[in-house]
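First the structure, in the form of structure tokens, and then the observations on it.
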Amino acid sequence: MDSARRQAYLDAMGIQTWVSRDRLSEGQAVAGAPVVVDAGSVTPEPVVATPEPPPAPARAGGFPSEMLRAALRGEADVAPLPESPKRPPPPVESRQAVDVRPALDLDGLDWPQLAEVVAGCRNCELHSTRTQAVFGVGDQRARLMIVGEAPGADEDRQGEPFVGPAGQLLNAMLVAIGLQREQVYITNIIKCRPPSNRDPHVEEAAACRGFLDRQIALLQPELILCLGAVSAHHLLATDLPVGKLRGRPHQLPMGANVAVTYHPAYLLRKPEEKVKVWHDLQRVARLLQGERG
Ligand code: SF4
């Protein structure tokens with residue numbers, strides 16, 4: 001990637017300076033570089049294959065180069081994705097999966113039919129407080145599917161997922177890996193806004209899950225990117241925190257590969273976590289390029 005394009009991506013992510021791995025390996029000084037990273041934001045996270053090395057102490061007056069190496073090393077030391085979609089999925093670590101099929105038979109529905117059913121759905125109580133159901137948006141042949149949590153106030157009003165500040169940041173995250181919003185498919189775990197933007201209840205997510213499963217079946221994405229804990233917990237039936245789910249391969253029983261990262265709304269509250277998401281996005285880009293990872 002040429003330097004101008006890389007800088008444009010980093011600008012889009014709000015990361016001001018990128019230091020190449022080669023420069024770091026040559027031991028060139030990074031002191032004083034205005035990198036938007038702090039020691040806490042680059043603390044190595046547990047991964048499946050090789051544990052991250054412990055961070056070195058910060059040098060007085062300079063950036064902790066060992067931490068920066070760890071942050072910029074990419075995802076080469078995470079466990080590879082399964083070679084074949086027929087391979088059994090990795091064990092799910094936790095919460096008991098609930099029966100996720102709504103009472104409706106959705107198997108034969110195409111995109112317009114499914115959208116129509118969702119628009120009129122009363123499968124859970126959220127139908128009574130929504131302005132409208134938020135089905136999803138994007139390329140229905142996309143290779144990458146984005147799954148968020150639930151519609152918020154803006155989404156409920158406009159009928160489209162990820163609008164408002166979090167949606168703008170998501171757009172920037174996609175630009176960071178060379179994708180426009182229109183090139184992916186974006187939806188949520190549940191299609192109707194919970195009152196006061198509370199997290200969806202397990203029963204609500206279960207009632208709505210059949211719609212998401214049918215969207216996945218119609219789209220057949222190469223990769224699903226879960227944004228945030230609510231999305232990951234319901235899709236993967238786990239209680240593990242995002243910090244332990246990101247950087248690892250996951251797979252749904254239907255064969256779809258899944259990656260996990262933080263929700264853009266979380267990044268708006270904790271911008272220092274953007275460097276982790278940048279690594280996750282690099283991994284997503286590599287997976288879409290056919291690399292294992
Ligand atoms: Fe139906 Fe899902 Fe809306 Fe509940 S959240 S009413 S299951 S579309």
Side-chain angles (χ1 to χ4, degrees), residues 92 95-140 142 144-167 170 181 184-221 224-239 242 250 252-254 256 258 260 263-266:
V92 170
R95 96 168 39 171
Q96 191 69 33
V98 288
D99 180 6
V100 295
R101 301 294 296 186
L104 301 167
D105 180 9
L106 306 173
D107 287 347
L109 301 188
D110 60 17
W111 283 107
Q113 292 167 334
L114 186 64
E116 186 176 344
V117 171
V118 169
C121 177
R122 301 164 70 91
N123 260 16
C124 79
E125 284 305 309
L126 294 181
H127 82 272
S128 62
T129 52
R130 72 186 178 205
T131 301
Q132 58 190 314
V134 180
F135 179 68
V137 68
D139 185 350
Q140 294 174 350
L144 177 63
M145 183 178 205
I146 307 287
V147 178
E149 301 177 350
D154 291 333
E155 290 79 9
D156 178 66
R157 187 165 49 247
Q158 298 183 37
E160 180 171 333
F162 283 96
V163 294
L170 173 61
R181 178 181 175 95
V184 304
Y185 191 83
I186 306 171
T187 190
N188 284 307
I189 287 288
I190 62 169
K191 313 307 186 193
C192 300
R193 181 194 180 203
S196 305
N197 291 343
R198 64 162 171 76
D199 287 347
H201 296 154
V202 171
E203 312 79 55
E204 294 161 351
C208 212
R209 177 60 181 266
F211 299 133
L212 178 61
D213 282 346
R214 184 60 190 156
Q215 288 175 307
I216 294 171
L218 286 167
L219 190 64
Q220 297 189 12
I224 298 171
L225 179 60
C226 283
L227 299 180
V230 170
S231 172
H233 290 173
H234 287 292
L235 190 64
L236 298 173
T238 179
D239 286 326
V242 171
H250 307 277
L252 298 182
M254 65 180 71
V258 178
V260 176
H263 195 284
Y266 174 75

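Atoms within each ligand, like the ligands themselves, are counted from 1 in listed order.
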Sub-4.0 Å atoms of ligand 1 with respect to non-hydrogen atoms of Asn123: 1 (Fe), 6 (S), 7 (S)
Ala205 and Ile190: which non-hydrogen atoms are nearest, and at how many Å? CA-CG2, 3.6 Å
Which of these passes side chain to side chain contact (heavy atoms under 4.5 Å, CB included) with Val147: Asn188, Leu227, Leu212, Leu225? Leu212
Should you measure from each heavy atom of Cys121, which atoms of ligand 1 turn up under 4.0 Å away? 1 (Fe), 6 (S), 7 (S), 8 (S)
Which is closest to atom 3 (Fe) of ligand 1 by heavy-atom distance: Ala206, Ala133, Cys192? Cys192
So how far is it from Asp110 CG to Leu218 CG, rounded to the nearest 0.5 Å? 7.5 Å
Step-by-step side chain to side chain contact (heavy atoms under 4.5 Å, CB included) determination, Asp213 to Arg209: CA-CA 6 Å; Asp213 282 346; Arg209 177 60 181 266; 2.9 Å; yes
With a 4.0 Å heavy-atom cut-off (strictly under), which part of Arg130 contacts ligand 1: side chain, backbone, both or neither? side chain
Starting from atom 4 (Fe) of ligand 1, what is the nearest protein heavy atom, named by residue and atom, and what distance separates them? Cys124 SG, 2.3 Å
In terms of atom number and element, which parts of ligand 1 are under 4.0 angstrom from non-hydrogen atoms of His127? 6 (S)
Between CD1 on residue Ile224 and OH on residue Tyr185, distance to nearest 0.5 Å: 12.5 Å
When you measure from atom 4 (Fe) of ligand 1 to the N, O or S atoms of Cys208, does any of those distances fall below 2.8 Å? no
Working to the nearest 0.5 Å, report the span between CE of Met145 and CD of Gln140. 10.5 Å
